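What follows is a set of notes on a single structure, which appears directly below.
Here the structure is a predicted model, which means the values were calculated and not measured.
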Amino acid sequence: MTGTAADLIWIAPALALLGFVLNGTLALVRPTAKTLVSIIGAGVLLAAFGVSVTVFRAFADLHADAPVVFRYWSWIPVGTLQVDFALQVDQLSIVMLLIVTGVGSLIHLFSIGYMKDDPGYARYFAYLNLFIFFMLVLVLGANFPVMFVGWEGVGLCSYLLIGFWFSEKANADAGRKAFIMNRIGDFGFMVAMFMIFWSTGSLDFGAVFTHAPTALVPGGGAITAITLFLFLGCTGKSAQIPLYTWLPDAMAGPTPVSALIHAATMVTAGVYLVARCNVLFAMAPLSSAVVAGVGALTALFAATIALKQWDIKRVLAYSTISQLGYMFLGVGTGAISAGIFHLTTHAFFKALLFLGSGSVIYAMHHAYHTTHSHEDAQDMRNMGGLARYLPWTTALMWIATLAIAGIPPLSGFFSKDEILTAAFARGTTNPAWLVFWVFGLAAALLTAFYMTRLMLYTFHGPNRTGEKEREHLHEAPWIMTGPLLVLGILSAAGGLLNVPELYHGSARLHQWLEPVTQPGAAMVPEAHLSTATEWMLVGVAVLIAVLGIVGAWRLLNPAALVPARDAPAERGFARILRHKWYVDEIYDALIVRPLVWLSTEILWKRIDQQAIDGATVNGVARGARALGWANRWLQTGQVGVYVAVFVIGVLLIIWRSVG
């Protein structure tokens with residue numbers, strides 16, 4: 001890969017950064033120039049996608065088995081620590097590059113229609129472009145520090161975008177919550193980097209992954225600690241137990257932001273990190289089991305919460321947490337290509353679901369105008385029967401729903417089935433892994449159920465918006481519906497990227513990623529399944545999906561649903577699920593309130609105000625004031641007093657001398 005094609009890789013992030021600079025400037029000097037903002041905001045992403053396709057074709061023609069690293073300048077030259085600002089092109093980074101720029105471009109186009117009336121339009125696109133820039137730095141970085149810059153950058157941009165409408169306290173709080181929860185995970189990432197450098201003497205991916213098998217003992221304490229700290233970072237960025245609670249609150253941001261964060265960028269960073277460090281995780285069986293176990297548990301746990309959420313975006317938020325759990329189950333099992341495959345298909349159908357919900361919310365806002373709150377426009381109990389008014393959105397969201405449920409031959413079927421098969425295969429050598437497979441199956445059943453519930457309550461049954469509001473329901477403009485059509489095609493046909501040999505496919509994505517995944521795969525014990533067993537697993541997975549869909553269709557009655565203002569409160573177990581297992585309340589009672597009490601009552605009032613201010617700062621001031629008060633009696637300005645003091649002093653000296 002030489003010449004012009006090799007030099008193009010830096011242009012992709014540079015274009016996104018240019019969009020941020022230009023739109024950021026317009027936000028300050030000409031915030032009303034929305035046409036120019038739209039051209040810049042979406043144009044730089046479309047151009048970046050074109051660059052990505054060019055780089056992909058050039059790299060594919062090269063047939064390279066090793067990554068191509070472009071070192072631009074020496075960034076941190078400190079003794080033995082030599083870190084260059086370098087970008088890396090290999091099979092994995094190109095997959096992520098295409099997803100981020102491709103799906104990101106569609107989300108930018110959708111945003112033109114969705115945000116057109118917002119006064120912060122230019123600021124919004126500036127943030128969106130900056131988000132893409134940092135995500136590209138993250139996936140293209142050739143070493144841990146460069147990757148960490150992107151890692152922190154997307155955390156910053158998530159704060160800016162989630163709290164975009166910061167004038168409302170709930171939105172500002174959601175942005176802060178996302179920022180703080182991610183900082184907890186980022187601490188783990190930093191500790192892991194320090195330990196990696198201490199153990200291998202480098203932070204470059206190539207050097208670390210080459211030296212790790214000899215510098216670290218497989219299964220030893222050091223490699224286990226490194227990978228567990230790395231995974232702590234993943235739980236924050238990719239919203240896994242215990243650091244997942246920020247992601248549902250991230251729905252406070254504009255809906256296209258939710259699509260960008262949930263589908264194509266930030267939350268996939270943790271999965272990408274494990275895939276990138278597959279050699280390290282393959283050397284740490286305990287850590288791999290933790291990754292897979294936490295992923296499987298998160299997939300099931302989040303799916304249970306989604307069963308009783310009424311906000312259409314929150315259902316999809318918990319769905320994202322659950323699907324990320326599947327990805328971690330895949331990469332933790334050692335099926336790296338399966339995890340990345342599901343990351344890819346999930347980018348298609350989850351972007352479609354979020355943007356489709358954006359079309360619904362867009363229509364509901366136009367129907368309600370100012371007569372209802374923002375929450376009312378997103379509550380499924382206030383919808384119903386929208387298929388008559390939004391036929392395109394309905395059909396396309398059904399495609400995405402069937403894809404995420406795992407109905408063949410849609411994209412989600414192939415990727416989810418590959419992960420579950422890999423988990424079952426590991427279970428043949430270690431029965432404990434069968435528990436993860438069972439969790440995955442249970443999550444698949446619930447996924448099919450709650451997604452069908454979302455579709456039934458939103459698009460079918462009687463309409464619950466009201467007669468006046470019903471007159472204003474209509475499909476979104478084509479600048480918004482067009483991206484949905486593209487994502488619908490990708491959601492339906494995306495599975496063709498990696499049709500397994502069981503279906504006489506060539507598993508192209510698996511073969512493409514093999515140069516990256518092979519070093520780690522060689523360290524993981526292989527488990528072979530017979531063709532009959534694989535077909536049995538496929539049958540079980542499809543049966544589970546069908547049961548979930550049919551069960552929702554039979555058990556739920558959209559006609560009996562009443563608008564949110566008239567709905568009775570949930571009781572019993574439904575109330576527990578509605579309140580998300582009270583995890584936020586538990587965190588608040590065990591962590592937040594004690595920290596607030598410690599900060600205010602002890603650190604502030606006792607230590608800061610009384611000890612530091614009272615005894616030190618104010619104490620010194622009081623001492624100086626007292627000394628001045630005492631001195632003023634000596635400095636009276638009367639000569640007689642001075643003579644008397646002088647005589648008394650002389651007499652004391654004489655007395656001491658005689659004595």
Closest approach of Gly219 to Thr224 (non-hydrogen atoms, all atoms of both residues): O-OG1, 3.9 Å
Side chains of Gln91 and Phe59, heavy atoms from C-beta outward: is any pair under 4.5 Å? yes
Point-to-point distance, once rounded to the nearest 0.5 Å, from CZ of Arg276 to CD1 of Ile336: 11.5 Å
Contact summary for Val95 and Leu509, nearest pair of heavy atoms: CG2-CD1, 4.0 Å
Do the two ring centres, one from Tyr124 and one from Phe164, sit under 6.0 Å apart? yes
Asp417 side-chain N/O to Phe413 backbone N/O, donor-acceptor pair under 3.5 Å: no
Any side-chain heavy-atom pair of Cys277 and Thr227 under 4.5 Å: no
Closest contact, heavy atoms only, Met523 versus Ala282: CB-CB, 3.9 Å
Does some side-chain heavy atom of Phe341 sit less than 4.5 Å from a side-chain heavy atom of Leu497? yes
Could you give the distance from CZ (Phe439) to CH2 (Trp433), rounded to the nearest 0.5 Å? 13.5 Å
Taking the ring of Phe144 and the ring of Phe197, is the distance between their centroids below 6.0 Å? no
Ile419 side chain reached by Lys416 side chain, heavy atoms, under 4.5 Å: no
For Leu203, is there any backbone N or O sitting under 3.5 Å from a side-chain donor or acceptor partner on Asn143? no
Around atom CZ of Phe301, are there more than 12 heavy atoms from other residues, nucleotides or ligands closer than 6.0 Å? yes
side-chain contact (heavy atoms from CB on, under 4.5 Å) between Leu260 and Met266: does it pass, once the steps are laid out? CA-CA 8 Å; Leu260 190 64; Met266 179 172 166; over 6 Å; no
Could you check whether any side-chain N or O of Ser411 sits under 3.5 Å from a backbone N or O of Gly495, counting only pairs where one atom can act as donor and the other as acceptor? no
Find out whether Leu343 and Met96 are in side-chain contact, i.e. whether some heavy atom of one side chain is under 4.5 Å from a heavy atom of the other. yes
In Å, rounded to the nearest 0.5 Å, how long is the span from OH of Tyr326 to OG1 of Thr298? 12.0 Å
Please assess Ile321 against Tyr318 for the test side-chain contact (heavy atoms from CB on, under 4.5 Å), listing each intermediate value before the final yes or no. CA-CA 5 Å; Ile321 297 171; Tyr318 282 105; 4.0 Å; yes
Could you check whether any side-chain heavy atom of His108 comes within less than 4.5 Å of a side-chain heavy atom of Val44, counting everything from C-beta outward? no
Would you say the side chain of Leu98 lies within less than 4.5 Å of the side chain of Phe49, judging by non-hydrogen atoms? yes
I'd like to know whether OH of Tyr244 has more than 12 heavy-atom contacts from other residues, nucleotides or ligands below 6.0 angstrom. yes
Min side-chain heavy-atom separation Val154-Lys237 under 4.5 Å: yes
On a heavy-atom basis, the closest approach of Gly104 and Ile132 is CA-CD1, 4.4 Å
Residues Thr517 and Ser337: side-chain donor-acceptor under 3.5 angstrom: no
Give, for atom CZ of Phe56 and atom CD1 of Ile94, the distance between the pair rounded to the nearest 0.5 Å. 7.5 Å
Flag, side chain of Ser319 to backbone of Val315, donor-acceptor distance under 3.5 Å: no
So, the side chain of Trp437 versus the backbone of Arg426: is there a donor-acceptor pair under 3.5 Å, distance only? no
What distance do Tyr587 atom OH and Lys177 atom NZ have between them, rounded to the nearest 0.5 Å? 9.5 Å
Trp151 and Phe189 aromatic centres sub-6.0 Å: yes
Hey, what do you get for CD1 (Ile223) to CZ (Phe281), rounding to the nearest 0.5 Å? 8.5 Å
With side-chain contact (heavy atoms from CB on, under 4.5 Å) as the criterion, how do Leu138 and Thr265 come out once you've worked through the C-alpha distance, each side chain's angles and the decisive distance to 0.1 Å? CA-CA 10 Å; Leu138 190 158; Thr265 56; over 6 Å; no
Can you see whether Trp581 engages Thr304 through a side-chain donor-acceptor pair at a distance of less than 3.5 angstrom? yes
Check: Glu418 main-chain N/O paired with Thr421 side-chain donor or acceptor under 3.5 Å: no
For the backbone of Asp84 and the side chain of Arg71, can you confirm whether one donor and one acceptor N or O come within less than 3.5 Å of each other? no
Quick check against the 3.5 Å criterion: does Asp65 have a side-chain atom that pairs as donor or acceptor with the backbone of Pro515? no
With distance as the sole test, does Ser93 use its side chain to make a donor-acceptor pair with the main-chain N or O of Leu140 at under 3.5 Å? no
Where does the angle between the aromatic ring planes of His346 and His342 fall among parallel (under 30°), tilted (30 to 60°) and perpendicular (over 60°)? tilted
Verdict with reasoning, Ile226 to Leu216, per side-chain contact (heavy atoms from CB on, under 4.5 Å): CA-CA 10 Å; Ile226 288 171; Leu216 295 162; 4.1 Å; yes
Looking at every heavy atom in both Gly206 and Thr210, which two are closest together, and how far apart are they? O-OG1, 2.7 Å
Closest approach of Leu232 to Gly188 (non-hydrogen atoms, all atoms of both residues): CD2-CA, 3.8 Å
Should we count CD of Gln511 as having more than 12 external heavy atoms under 6.0 Å? yes
Centre of Phe179's six-membered ring, under 6.0 Å away, within 45 degrees of the axis: is that where NZ or CZ of Arg183 sits? yes
Please check: side-chain N/O of Asn278 versus main-chain N/O of Ala275, any donor-acceptor pairing under 3.5 Å? yes
Would you call the rings of Tyr72 and Phe85 parallel, tilted or perpendicular, taking 30° and 60° as the class edges? tilted
